[in-house]
Amino acid sequence: GLLTAEEQRGLARLSVFQGGFTRAAAEAVADVHLPMLSALVDHSLLRHSDAGRYDVHELLRQFAAEQLEESGKAESTQDKHSDYFLSLLAERTEDMQWRHPKQALDGLIPERENVFVGWRWACQRALFPQIQGAAFGLLYYCNWTNTQESGRQLFDRAIEVANASADVANDRSGILGSLQWKRICLEHLQNQTRTHLSQLTRSRELLVQSESDHREEIAVLDLFLSAVLSTVGRNEEAVAYINGAILIFTETGNRMRLGHAYYWLALVRSSEAVALADEAYRKADEEWRKAKAPPYPMLWRCIVYQMQG
């Protein structure tokens with residue numbers, strides 16, 4: 001039979017998804033709940049996979065998107081879509097980084113197109129609170145999934161908008177510094193170490209110039225900066241940056257990041273002072289235990305021991 005008017009409107013709202021979607025996403029973004037999803041499946045307008053995802057044929061999706069545009073609801077629905085997936089990325093950042101990376105990625109990998117589309121829409125609308133909130137997550141997601149080239153393009157677009165937008169004039173330096181160093185960390189550092197060192201240093205200067213509080217982000221950047229410094233033999237400078245990060249993470253009480261800083265200190269020290277490396281790793285282990293870290297940081301112990309011979 002024919003679709004009801006509400007089912008037509010629901011299908012139009014679902015057109016904002018690309019690459020499929022979950023029931024939870026349909027409810028949150030398109031206000032389409034299980035009875036309507038089932039009805040659309042029965043009408044062969046949606047497909048429902050064994051994995052629990054829904055998708056719509058691309059030609060039908062494009063037609064439905066035209067209907068959504070004509071209804072005047074396209075912009076508000078795209079806003080909801082972007083906010084949902086960038087929030088999802090932000091919420092799972094720590095899990096991707098160290099707590100439960102496999103579980104986090106299992107849920108995010110099928111959403112790649114939705115995440116990337118959501119980021120592009122946020123750039124188009126200059127929605128920088130959402131972009132900044134999801135930026136760490138995008139960095140880790142692209143590194144874990146080997147989509148660094150796509151990630152660089154997404155960061156490039158955000159940087160371009162930040163440079164041009166009047167809406168960010170009150171903290172342009174902070175936003176640009178934050179976006180630029182993450183974009184740099186999606187590049188292959190081996191062949192252009194000195195260039196990347198200069199770019200990371202410039203990003204750090206922008207964050208320092210900002211009137212907003214970027215202390216913890218600067219400390220994270222300093223760990224990446226220390227890694228680059230150590231590759232060119234500037235270990236004492238690297239240690240100075242790491243020690244600065246340790247002070248900040250101690251002040252903020254972020255035990256996972258504090259453990260990470262001690263871990264980097266152990267790696268830098270392992271090539272020259274085994275006793276200092278052991279002491280740094282002991283502190284890393286202690287902070288991770290206090291943070292109730294999952295077992296996998298213990299794998300880093302193997303790296304340190306292997307470097308020590």
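Because the structure is a prediction, the values reported are computed rather than measured. The first residue of the sequence shown is numbered 1, and numbering continues consecutively from there.
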Using 4.0 Å as the upper bound for N to carboxylate O, is an ion pair formed by [Y] and [X]?
{"X": "R289", "Y": "E286", "answer": "no"}
{"X": "D278", "Y": "R282", "answer": "no"}
{"X": "R9", "Y": "E6", "answer": "yes"}

_Using 30° and 60° as the class boundaries, would you call the ring planes of F136 and Y140 parallel, tilted or perpendicular?_
parallel
*Going by the angle between their ring planes, with limits at 30° and 60°, are Y263 and H260 parallel, tilted or perpendicular?*
parallel
Quick check: is [Y] connected to [X] through a chain of hydrophobic side chains (ILVMFWY, heavy atoms under 4.5 Å apart)?
{"X": "L45", "Y": "V29", "value": "yes"}
{"X": "M256", "Y": "F224", "value": "yes"}
{"X": "F21", "Y": "L105", "value": "yes"}

*Determine, stepwise, if the pair R269 / E279 fulfils salt bridge (Lys or Arg N to Asp or Glu O under 4.0 Å).*
CA-CA 10 Å; R269 288 301 195 196; E279 174 65 11; over 6 Å; no
_For the aromatic rings, using the six-membered ring if either is Trp, is the centroid distance between W119 and F155 under 6.0 Å?_
yes
*Without swapping roles, check the side chain of D95 against the backbone of P101 for a donor-acceptor pair under 3.5 Å.*
no
Side chains of [X] and [Y]: do they bring a donor and an acceptor to under 3.5 Å?
{"X": "H48", "Y": "D50", "value": "no"}
{"X": "Q62", "Y": "E58", "value": "yes"}
{"X": "E217", "Y": "S178", "value": "yes"}

Which distance, rounded to the nearest 0.5 Å, do you find between the [atom1] of [X] and the [atom2] of [Y]?
{"X": "I246", "Y": "K283", "atom1": "CD1", "atom2": "NZ", "result": "7.5 Å"}
{"X": "S82", "Y": "R120", "atom1": "OG", "atom2": "CZ", "result": "11.5 Å"}
{"X": "L88", "Y": "N114", "atom1": "CG", "atom2": "CG", "result": "10.0 Å"}
{"X": "Q180", "Y": "N163", "atom1": "CD", "atom2": "CG", "result": "7.0 Å"}
{"X": "Y84", "Y": "E111", "atom1": "OH", "atom2": "CD", "result": "7.0 Å"}
{"X": "S203", "Y": "I184", "atom1": "OG", "atom2": "CD1", "result": "4.0 Å"}

*For R202, check side chain to side chain contact (heavy atoms under 4.5 Å, CB included) against everything at least two apart and list the hits.*
E205, L206, Q209
